[in-house]
Amino acid sequence: MQDSTMNLKLVCDAKAALAEGPVWDTVKGCLYWVDILGQKLHIHYPNEPESDKTIECTPYVSSVVPRLSGGLVITLQNGFHTFDPDTNEISLLAEMEEALTDNRFNDGKCDPAGRFLAGTMSMKDKPSKGALYCLDTDHSVKPLLSEVSISNGLAWSSDNKIMYYIDTPTQQVVAFDYEIETGAISERRVAVEISYPGFPDGMTIDSEGMIWVAHWGGWCVTRWNPFTGQQLASIPVPASQVTSCTFGGPNLDKLYISTARIGLSEDELAKQPHAGGIFCADLGIRGTPAIPYLG
């Protein structure tokens with residue numbers, strides 16, 4: 001295993017309560033991310049940071065993806081919605097778990113066929129209360145997994161045959177056979193065991209098929225071989241609550257990393273003043289482009 005000291009810099013000193021879900025828009029050349037507890041959607045323009053936008057999205061915006069037909073699709077507390085960043089108009093696509101008032105959506109992203117997968121969790125830290133859902137391109141929704149505690153990272157192999165998934169308290173990255181024609185999953189197995197440091201949170205995949213995992217409470221992002229379970233590299237981050245990561249930039253060779261401030265004492269914040277910010281590492285490795293929602 002190698003430690004990476006690649007040029008890491010702070011690009012958004014947002015001091016967000018819970019920055020999450022970064023995703024790079026390859027068409028517009030910008031980074032979307034959310035502050036779930038701050039209930040805000042952020043748009044970062046690396047070449048024009050003075051044009052950065054912060055938009056209130058309630059309740060509890062938790063993930064965002066570009067939409068091929070225009071605008072964005074977001075998850076709010078209990079549903080999938082379209083969002084127009086020019087007018088701030090929000091329209092419901094599908095409502096889920098409306099009776100589970102203590103639950104909210106968490107992480108999500110699109111599969112290679114343009115379906116939007118996103119999972120839920122208990123806001124009172126109750127185990128096994130969440131699920132993983134798939135919003136198909138016809139706006140129908142089906143559950144893929146139940147009894148999930150904290151639904152987090154998602155990624156797909158380049159041949160579209162494997163889906164990787166993180167339920168944070170399990171401290172595992174699991175793999176499923178993925179049927180791209182239908183979005184069906186099967187043959188669950190453990191790809192990576194992550195016992196330290198911290199807990200696995202958000203995840204992305206690079207062009208070599210290796211996965212990158214953010215460590216909540218672990219001060220780092222790590223790179224893993226999902227076929228052998230071997231850790232390949234670690235990027236130290238000057239914030240303990242590392243939440244997610246995604247590849248971006250014109251060549252998809254920059255790793256954007258989101259962090260949080262929630263749960264940190266004043267003494268802890270004094271030691272990590274940029275917690276809740278977005279960091280960027282220049283890598284000699286390219287990622288894969290985010291897939292837009294095709295519905």
Side-chain angles (χ1 to χ4, degrees), residues 20-24 62-66 68 73 75 80 94 96 105-121 128 130-138 140-194 199-214 221-230 232 243-247 252 287-295:
E20 266 283 10
V23 59
W24 180 260
S62 62
S63 66
V64 53
V65 296
L68 188 64
V73 181
T75 50
F80 296 90
M96 311 300 301
F105 267 94
N106 198 44
D107 203 3
K109 64 180 62 169
C110 287
D111 78 355
R115 306 178 188 93
F116 190 3
L117 276 68
T120 58
M121 59 174 283
S128 305
L132 177 66
Y133 297 97
C134 173
L135 174 71
D136 214 324
T137 54
D138 63 0
S140 64
V141 180
K142 62 183 177 184
L144 296 182
L145 295 171
S146 60
E147 297 186 359
V148 171
S149 293
I150 303 178
S151 189
N152 258 315
L154 286 159
W156 285 265
S157 61
S158 60
D159 63 5
N160 304 334
K161 293 182 178 180
I162 302 173
M163 183 185 87
Y164 300 105
Y165 176 67
I166 292 172
D167 179 2
T168 291
T170 66
Q171 305 227 222
Q172 297 173 339
V173 180
V174 295
F176 294 90
D177 288 351
Y178 199 73
E179 189 175 302
I180 192 64
E181 292 80 11
T182 64
I185 59 174
S186 60
E187 301 298 325
R188 180 190 183 278
R189 65 265 189 193
V190 177
V192 172
E193 295 271 7
I194 299 179
F199 293 84
D201 201 318
M203 171 173 56
T204 192
I205 194 166
D206 64 33
S207 59
E208 299 174 10
M210 303 297 105
I211 56 176
W212 295 76
V213 179
V221 172
T222 51
R223 186 187 192 218
W224 300 80
N225 184 328
F227 303 104
T228 66
Q230 178 187 9
L232 304 175
T243 60
S244 193
C245 54
T246 195
F247 284 92
L252 294 179
T288 58
I291 304 297
Y293 178 62
L294 298 188

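A heavy-atom distance below 4.5 Å is not found between the side chains of Trp224 and Leu232. Trp24 is not listed as a side-chain neighbour of Thr204, based on a closest heavy-atom distance of 4.5 Å or more. With contacts defined as side-chain heavy-atom distances shorter than 4.5 Å, the pair Phe247/Trp212 qualifies. Proximity of Gln172 to Pro200: side-chain heavy atoms (C-beta onward) are nowhere separated by under 4.5 Å. For the pair Val221/Met203, no side-chain contact is recorded, criterion being any heavy-atom separation below 4.5 Å from C-beta on. Side-chain atoms of Ser151 and Thr120, non-hydrogen and from C-beta on, never get closer than 4.5 Å to each other.
Atoms CG and CG, from Asp111 and Leu144 in turn, are 9.5 Å apart once rounded to the nearest 0.5 Å. Note that NZ of Lys109 and OG of Ser244 are 6.0 Å apart. Values are rounded to the nearest 0.5 Å. Within the model, atoms CG of Asn152 and CG of Asp201 stand 4.0 Å from one another, a figure rounded to the nearest 0.5 Å. Rounding to the nearest 0.5 angstrom, the gap separating the CD1 atom in Ile211 from the CD1 atom in Ile166 is 6.5 Å. Going from atom OG1 of Thr75 over to atom CG of Leu117 covers 11.5 Å, rounded to the nearest 0.5 Å. Taking CG of Leu135 as the reference point, atom CE of Met96 lies at 9.0 Å (rounded to 0.5 Å).
Scanning all heavy atoms of the two residues, the minimum distance from Pro66 to Val23 falls at CD-CG2, 4.3 Å. Across Ala155 and Ile205, no two heavy atoms sit closer than the pair CB-CB, 4.0 Å. Across every non-hydrogen atom of Ala94 and Val141, the tightest pair is CB-CG2, 3.5 Å. Residue Ser149 comes nearest to Pro169 through the heavy atom pair CB-CG, 3.8 Å, listed as atom of the first residue, atom of the second, then distance. Gly119 approaches Leu132 most closely through the heavy-atom pair N-CD1, 3.8 Å. Here the closest non-hydrogen pair linking Asp107 and Ser63 is C-CB, 4.2 Å.
Looking at Glu147, its side chain never comes within 3.5 Å of a backbone N or O of Ser128 through a donor-acceptor pair. In this structure, the side chain of Asp167 engages the main chain of Ile150 through a donor-acceptor pair within 3.5 Å. Looking only at distances, a side-chain donor or acceptor of Asp206 sits under 3.5 Å from a matching main-chain atom of Met210.
Below 30°, between 30° and 60°, or above 60°: for Tyr133 and Phe105 the angle between ring planes is between 30° and 60°, a tilted geometry.
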_side chain to side chain donor-acceptor pair (under 3.5 Å) between Asn106 and Ser62, worked out_ = CA-CA 5 Å; Asn106 198 44; Ser62 62; 5.7 Å; no
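In Phe199, the CZ atom is not crowded: 12 or fewer heavy atoms of neighbouring residues, nucleotides or ligands sit closer than 6.0 Å. No more than 12 heavy-atom neighbours from other residues, nucleotides or ligands sit within 6.0 angstrom of NZ on Lys161.
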Which atom pairs, one a donor and one an acceptor, fall under 3.5 Å between side chains of residues 288-295 and the rest of the protein, sequence neighbours left out?
unit_1: Tyr293; atom_1: OH; unit_2: Asp136; atom_2: O; d: 2.6

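In this view, Glu208 and Arg223 satisfy the salt bridge (Lys or Arg N to Asp or Glu O under 4.0 Å) rule, not counting sequence neighbours.
Using a 4.0 Å cut-off between charged nitrogen and carboxylate oxygen, Asp177 and Arg189 count as a salt-bridge pair.
Sequence neighbours left out, the pairs with a member in residues 148-169 that pass ring pair (Phe, Tyr, Trp, His ring centres under 6.0 Å) are Trp156-Tyr178.
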